*Asks:* 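Quick one: this structure, given as structure tokens, is what I'll be asking you about.
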Amino acid sequence: MSDAWPLELTGDAVSVAPRLLGGVVVHRGVAVWLSEVEAYTGADDPASHAHRGPTARNAAMFAGPGHVYVYLSYGIHHAANIVTAPPGTAAGVLLRAGEVVAGLDLARRRRPGVVDARLASGPGNLGRVLGLTLDTTGRRFRVIAAPVTPVAIIGDERDDSLLFAPAGATVAVRQGPRVGVGAAHERPWRFWIADDPTVSRYRRAASAR
DNA sequence: CTTCGGATTGGCT
DNA sequence: GCCAATCCGAAGA
């Protein structure tokens, strides 16, 4: 078993983003099958946290393919990106939504009273279900082969390793503008799986009016 | 040092 | 559709 980050998931975030759909992310006892992602690049992307170059917060975005960039959104939500760009350059894919495919009991406990399809719907909710914190930023995904559902593979809530299983089957991809983004909102860099119930509702940024 | 706004969410009008 | 919650870090003074 090789755990190196795949070459085909390296490079331009806009190209890599749709290929991450159908992949599975695992952390702290929960596995999420990705149904919605968004691409963010570096200096050329005014909506990206890396737009103005490296800082203490966004350092992980420059750390190379397979690293995680976790940021705190609105003081409340932890959102995760998978970095795709070579070290020293910035590009990443925001994990926006997915379906919980293992660790359902844990996921429900982390989001009480929420119907299963909505457990990981939206970047903040996905981060919550995975138990992400700011301490996780800058760490690296270990790549494994699907299927990843057995508990022996995903571990329990104490297991803070980051696993990623690339998509097994081909999925029908849709594309449109990024959610909640004011700057460069015309770029269709959000990708999702057609007709999937876990995909988040589109919301235009207040500043994009 | 202080100010300010956000790659969001859920609840309410 | 509107708005508050809640905190970090980037930027400006």
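Numbered from 1 within each chain, the chains take letters A, B, ... in sequence-line order. In this text the structure is predicted, and so the values were computed from the model without any measurement.
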*Asks:* Let me have DNA chain B in dot-bracket notation, would you? Count Watson-Crick plus G-U wobble pairs, both distances under 3.5 Å, and use [ ] for pairs crossing earlier ones and | for inter-strand partners.
*Replies:* ||||||.|||||.

*Asks:* Strictly by modelled atom types, are Ser15(A) and Asp12(A) linked by a side-chain donor-acceptor pair under 3.5 Å?
*Replies:* yes

*Asks:* C1' atom, dC3(C) versus dG5(B): distance in rounded Å?
*Replies:*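 Pairwise C1' distance, dC3(C) against dG5(B), rounds to 15 Å.
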
*Asks:* For the residue pair Arg118(A) / Ser121(A), report whether a side-chain donor-acceptor contact shorter than 3.5 Å exists.
*Replies:*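 The criterion, which ignores hydrogens and geometry beyond distance, is satisfied for Arg118(A) and Ser121(A).
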
*Asks:* Between Arg118(A) and dG10(B), is there a contact of a side-chain N or O with OP1 or OP2 at under 4.0 Å?
*Replies:*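 No, because none of the side-chain N or O atoms of Arg118(A) sits under 4.0 Å from OP1 or OP2 of dG10(B).
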
*Asks:* How many whole angstroms separate atom CZ of Arg178(A) from atom P of dA7(B)?
*Replies:*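 Rounding to the nearest Å, CZ of Arg178(A) and P of dA7(B) are 10 Å apart.
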
*Asks:* Determine the interplanar angle of the Trp5(A) and Phe141(A) rings, folded into 0 to 90°, and report it as parallel if under 30°, tilted if 30 to 60°, perpendicular if over 60°.
*Replies:*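 Ring orientation, 0 to 90° scale: tilted.
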
*Asks:* Name the pairs: protein N/O against N/O of nucleotides 11-13 of chain C, kept only if under 3.5 Å.
*Replies:*
residue : atom : partner  : partner atom : Å
dA11(C) : OP1  : Arg52(A) : NE           : 3.3

*Asks:* Within the 4.0 Å heavy-atom criterion, would you say Arg96(A) contacts the bases, only the backbone, or no part of the nucleic acid?
*Replies:*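 Since only primed, P, OP1 and OP2 atoms lie under 4.0 Å of Arg96(A), the category is sugar-phosphate.
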
*Asks:* Would the number of heavy atoms belonging to other residues, nucleotides or ligands and lying under 6.0 Å from CG of Asp44(A) be above 12?
*Replies:*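 For Asp44(A), atom CG is crowded (more than 12 foreign heavy atoms under 6.0 Å).
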
*Asks:* Round to a whole Å and report the spacing from CD of Glu38(A) to P of dA7(B).
*Replies:* 11 Å

*Asks:* Give a yes/no answer on whether the side chain of Arg203(A) brings an N or O atom under 4.0 Å of OP1 or OP2 in dG10(B).
*Replies:*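 No, no such contact exists.
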
*Asks:* Over all strands shown, is Asn81(A) touching base, sugar-phosphate only, or nothing at heavy-atom distances under 4.0 angstrom?
*Replies:*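 Since a base atom lies under 4.0 Å of Asn81(A), the category is base.
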
*Asks:* Tell me whether the ring of Tyr71(A) lies stacked over the dA7(B) base, given a 5.5 Å limit on centroids and a 30° limit on the plane angle.
*Replies:* no

*Asks:* Just checking Arg19(A): does its CZ atom have more than 12 heavy atoms from other residues, nucleotides or ligands closer to it than 6.0 angstrom?
*Replies:* yes

*Asks:* More than 12 heavy atoms of other residues, nucleotides or ligands under 6.0 Å from CZ of Arg128(A): yes or no?
*Replies:*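 12 or below, so no.
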
